Protein chains: 2
Amino acid sequence: MNKHFQVSCNNCNLDAICLPRGLSADEIDSLSLEVKTNGMLDKGEYIYRQGDPFTRIIALKSGAAKLVNIDGHGNEHILSVSLPGEILGFDGLYQEHYNCSAIALDKISFCILPAENLEQISHKIPSVNRELFKHCSDNINKAQQQIISNKCPADEKLSLFLTGLADRLHARGFASNEFYLPLTRQEIGEHLGLTLETVSRMLKQFQTQELISVNRKLIKILNAEKLRAIYRN
Amino acid sequence: MNKHFQVSCNNCNLDAICLPRGLSADEIDSLSLEVKTNGMLDKGEYIYRQGDPFTRIIALKSGAAKLVNIDGHGNEHILSVSLPGEILGFDGLYQEHYNCSAIALDKISFCILPAENLEQISHKIPSVNRELFKHCSDNINKAQQQIISNKCPADEKLSLFLTGLADRLHARGFASNEFYLPLTRQEIGEHLGLTLETVSRMLKQFQTQELISVNRKLIKILNAEKLRAIYRN
DNA sequence: CGTCAGGTTGATTGAGGTCAACCAGCGTGG
DNA sequence: CCACGCTGGTTGACCTCAATCAACCTGACG
């Protein structure tokens, strides 16, 4: 029975968050056969590029990535930060070309669902189809939250960003009150619609309020309640 | 052969934009059997409500709708304005509850794809499955564009909003240089992240520059080129 | 040790929010 | 038919938050 010696869906520790969520053992087995599990990239490398033809859906296994769009003015926008268990690439389905670039923030590993297999997998395993839709819907929800949080003041933006990140890390079994944030101040700003100076000042402010402590890119949340409360006013 | 006397996918004038896009005649026939085509609502009525359990996907047939999310502060955010041929409701798939309310801006008519039929349709007609994914992806793309355009100055926001609307109307065969915008200044502001006063001032500015003319909610685009150029700086 | 990217801090400015007054159109009821 | 109130819209004065510009600091690395 031990057909798969590599780490794959059926022995992956992310099965509760990633595509296999809610699938039977048999279904996960079938899924595993279609998924390539050997994606690896170093920090700064591209998983896919804005404008590239759509060739695959990606499941992030370890590390983190950013989705970056370059607009008509040449300005970079970080649309989202992706964590292990999240599925990237749905943005490319509509126009058959990716709408943004996915770039590794860390050394990352990931699984690949080739576009040409998508239809048959969906057809063969209806529950995978359902999960793909759910992840797609999750992307819509996250983007909508992003739209909303982009309209609030700088301190609330940063509070939402940090607590949101902590929650997502927690859901994946990582430490959530102390984590390494693999983004520069510039990048945090590009994500939240702020300048790097404002990000720096807000982080300082949170530190003097003893809500967090910051050591370069290591963030420690000291008072999660009060940090969350910033958004609620 | 004339099995369907009601307006349905196989005799709908939106087939090139809506779900039937790219389907064969037979496939459209099968799809028609699963879709309820008799949705009707008056201005201000809810198609679905934020928090409601996910029960259906909606295809807007005529009129316009807004997607509204009410945030933790009680503030309304208009996530998008929907036009005929667009598919609403994917936001509810992930959590099995709608993430926002869909509200008629006009007298509208729409088609309904009941959630309980979704999986079997997708399975029976793979090309419908593909189209559903594409529309889902389109939603992601539009949300991402929204995130980006929310970061630019007020005049660029309004320019993007008006030209984007004109383009979408044009693609649906409507007049695109003169249209009725069924939103108050307040609502335009809630969509673009501006106050109603700023919206009013920007509309005025565009009028004095003779880019548009405004009569209450009737917008006439006088100089599309220059209007577009505002975004490009 | 010099260089350079990333980060902090301060001074100044400006776009857009806020507050407030006022106006236009419109349905209602005396 | 007009007075009334009400919603939506416009306009002006003022203020605030975060952008901008600039100087300087820090740690990593060749």
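If you're wondering where the values come from, they're calculated on a predicted model, not measured in any experiment. Scope of the values below: all heavy atoms of this structure, side chains included, with no hydrogens, waters or symmetry mates. Every chain is numbered from 1, with letters handed out A, B, ... down the list of sequences.
A salt bridge links D138(A) to K142(A): at least one charged side-chain nitrogen sits closer than 4.0 Å to a carboxylate oxygen.
If you find the closest nucleotide of DNA chain D to T198(B) and to P153(A), the one lying nearer the 5' end belongs to T198(B). Nearer the 5' end of DNA chain C, as judged by each residue's closest nucleotide, is the contact made by Q186(A), out of Q186(A) and K157(B).
The residue G193(B) sits close only to the backbone: its heavy atoms come under 4.0 Å of sugar-phosphate atoms, none of a base. Within the 4.0 angstrom heavy-atom criterion, base atoms lie near L196(A). In this structure, T195(A) reaches the bases: a heavy-atom distance under 4.0 Å links it to at least one base atom across the strands shown.
Considering D91(A), N99(A), N69(A), N139(A) in turn, N99(A) is the only one that fulfils the side-chain hydrogen bond (donor to acceptor under 3.5 Å, both in side chains) rule with Q144(B).
Of the candidate nucleotides dT11(D), dG17(C), dG7(C), dG7(C) has the atom nearest to the side chain of K217(A). In the set dG9(D), dC21(D), dG16(C), dC21(D) carries the atom at the smallest distance from any side-chain atom of E197(A).
No hydrogens or angles were tested; on distance alone, nothing pairs the side chain of R185(B) with the base of dT11(D) as donor and acceptor under 3.5 Å. For a distance-only test at 3.5 Å, the side chain of R201(B) qualifies as a donor-acceptor partner of the base of dT18(C).
For M202(B) and dT10(D), the CE to P distance is 13 Å, given to the nearest whole Å.
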